[in-house]
**Q** 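Before anything else, here's the structure in question.
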Amino acid sequence: MSRMFNIAGDCKPKLHYMVDLHSRLEQMQEYVDKGAYFAINRARQYGKTTMLRAFQGYLKGKYYVVSMDFQMQMSDAKLRSEHLFCAAFAKAFVRILQKQADGTDLPQELKQAMELLKETACVKPQELDLVELFQYLSDICGKSVLPLVLIVDEADQAAGHSVFLDFLSQIRGYYIDRDQTPTFQSVILAGVYDIRNLKRRVLHQAVLPAGEREMYEDTLEAGSRNSPWNISVDFKVDMSFSPQDIAGMLAEYEKDYHVGMDICEMANVIYEHTAGYPYLVSRLCKLMDEDVAGSKDFPEKENAWTYAGFLAADRMLLEEKNTLFESMVNKLYDFPELKEVVYSILFTGKDWPYNALDPAVGTAAMFGFVKNEGGVVAIANRIFEVVFYNLFLTAAENQGTDIYKAAVRDKNQFICAGHLNMELLLEKFVEHFDELYGDLPNQFKEEDGRRYFLLYLRPIINGTGNYYVEARTRNMERTDVIVDYRGEQMIVELKIWRGNAYKERGEAQLVEYLEHYHLKKGYMLSYNFNKKKEIGVRRIVLGDKVLIEAVV
């Protein structure tokens with residue numbers, strides 16, 4: 001059976017192309033060997049379940065691993081009742097531990113301890129509370145021939161219920177007393193939300209008995225001082241894919257199909273756009289393999305595994321409606337302060353200091369939207385950036401702007417023989433911008449000028465081209481927009497005019513950037529607020545480079 005790139009559920013080595021997880025599993029075992037309790041908090045579809053299942057097999061023979069998935073094993077009804085929760089947990093725990101033993105001859109006293117817990121859960125569930133449950137679990141840990149490791153995947157499923165905090169409190173109590181009372185070697189919780197700061201989750205969807213909510217909110221407001229998970233150590237294993245990781249996965253594909261791809265180049269371009277986000281890497285590869293290959297422009301697999309094929313896959317990805325992108329959009333509505341962070345980064349050019357204690361920044365990082373780039377908040381990867389740009393640019397209030405309507409009217413005149421005429425596009429943009437916004441205050445144009453250019457650009461290239469903003473140049477003074485149209489790249493530098501000396505430096509920077517991209521022609525859009533400015537488009541020749549400068 002041939003392998004495939006997987007985006008649905010966990011990856012299995014015999015069925016799917018995967019990166020090599022060995023080094024990560026080694027690092028994770030170091031945590032367990034030291035008896036650490038920790039949480040794996042990563043964004044949606046970041047490979048948490050794949051990692052945990054691989055880790056369970058990796059520890060076999062050294063530890064007994066009881067790995068639960070609360071999404072599968074804990075219904076909402078069970079989480080509303082302490083007794084139902086304890087009974088469900090106990091039955092699942094014994095069943096999984098028996099399976100982990102894998103037919104080995106367990107000590108009789110351990111079997112008896114497990115049977116006693118199971119019997120209590122099945123026959124007298126109303127008598128099984130958290131205190132009693134953990135007494136049984138401690139007894140089992142004390143009689144086990146191998147140390148026990150507890151893994152709880154999808155812990156978010158329980159995060160809106162008070163019984164979960166009480167469950168964590170019991171774990172914490174036994175951890176503190178572990179030198180005197182048998183308990184788990186290690187406990188690992190996995191989910192999107194930071195278990196140490198549950199109030200962000202709970203205050204949105206807490207499910208509590210009548211009369212308990214106010215008391216519960218008071219507990220949450222106490223913050224990390226009273227957190228039942230303050231025993232957790234920081235989990236520092238990098239779960240994103242490096243270019244080398246991606247190259248290793250592509251090498252396995254190349255062995256099977258012999259498409260002749262440049263593995264190093266393809267791995268680097270995938271990484272440039274995804275920053276190693278596991279789902280995005282796998283989705284792009286899957287699109288190239290299954291959708292781009294065999295299409296009109298890329299009839300064979302060999303054609304698909306090229307830079308042009310990648311751009312086609314990138315465009316398909318950005319046009320589709322998938323669970324990851326839907327979740328991202330939903331989070332912006334669930335946490336309105338995230339919109340302010342994201343919008344500010346994308347459009348105003350203002351630096352937003354990275355402070356993990358800032359609730360908005362912390363939440364954005366938790367969801368994988370942003371990263372710390374030299375102490376400044378940056379969007380996590382190019383694909384997320386374009387998703388957010390498209391979301392804001394296609395909002396009803398933006399589609400209703402005159403500049404967007406003008407682009408829709410003009411769009412057919414810019415494409416000739418499959419090529420985008422960027423020079424003509426800039427000429428028309430200058431004409432419309434001056435007509436529509438020339439009399440508005442300069443402050444307005446400084447903050448919104450780049451947004452209006454993207455509003456004009458997007459409907460023209462939509463469905464055929466891609467664009468992204470080069471993060472290194474996104475600031476109040478300079479923004480480089482990279483446009484890919486049918487495999488042809490164009491760089492458009494957006495600048496605020498600060499005098500001739502500044503303009504000349506900008507030209508030199510653009511020439512340097514053109515060298516990096518092996519291009520002969522570049523484009524510059526200057527927002528000039530000098531009353532004596534000359535509006536229009538002109539050509540500038542600098543050595544072997546041609547710059548098309550538009551001034552508004």
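Only this structure's heavy atoms are used, side chains among them; waters, hydrogens and symmetry mates stay out.
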**Q** What about Trp305 and Tyr253, are their ring centers closer than 6.0 Å?
**A** yes
**Q** Would you please say whether a donor-acceptor pair under 3.5 Å links the side chains of Asp76 and His161?
**A**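 Per modelled atom types, Asp76 and His161 side chains form a pair under 3.5 Å.
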**Q** Ignoring hydrogens and angles, state whether a donor on the side chain of Thr274 or Asn381 is under 3.5 Å from an acceptor on the partner side chain.
**A** no
**Q** Which class fits the ring pair Tyr193 and Phe335: parallel under 30°, tilted 30 to 60°, perpendicular over 60°?
**A** tilted
**Q** Please round to the nearest 0.5 Å and tell me the distance separating atom CG of Asn462 and atom CZ of Arg315.
**A**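 Result: 10.5 Å between the selected atoms.
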**Q** Applying the side chain to side chain contact (heavy atoms under 4.5 Å, CB included) test to Trp352, which of Asp358, Val370, Val342, Val376 qualifies?
**A** Asp358
**Q** Using only heavy-atom distances, determine whether the side chains of Asp10 and His16 contain a donor-acceptor pair under 3.5 Å.
**A** no
**Q** If you measure only the distance, is there a donor-acceptor pair under 3.5 Å linking the side chains of Glu549 and Ser526?
**A** yes
**Q** Classify the side-chain pair Tyr271/Gln244 by whether it contains a donor and acceptor separated by less than 3.5 Å.
**A** no
**Q** Just checking, is any N or O donor in the side chain of Asp245 or Ser242 under 3.5 Å from an acceptor N or O on the other one?
**A**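 Asp245 vs Ser242: donor-acceptor pair found between side chains.
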**Q** May I ask you to check whether Tyr437 and Tyr452 place their ring centres under 6.0 Å from each other?
**A** yes
**Q** Going by atom types alone, do Glu320 and Asn322 pair a side-chain donor with an acceptor below 3.5 Å?
**A**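 Glu320 vs Asn322: donor-acceptor pair found between side chains.
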**Q** Please check if any side-chain donor atom of Arg283 sits under 3.5 Å from a side-chain acceptor atom of Tyr277, or the reverse.
**A** no
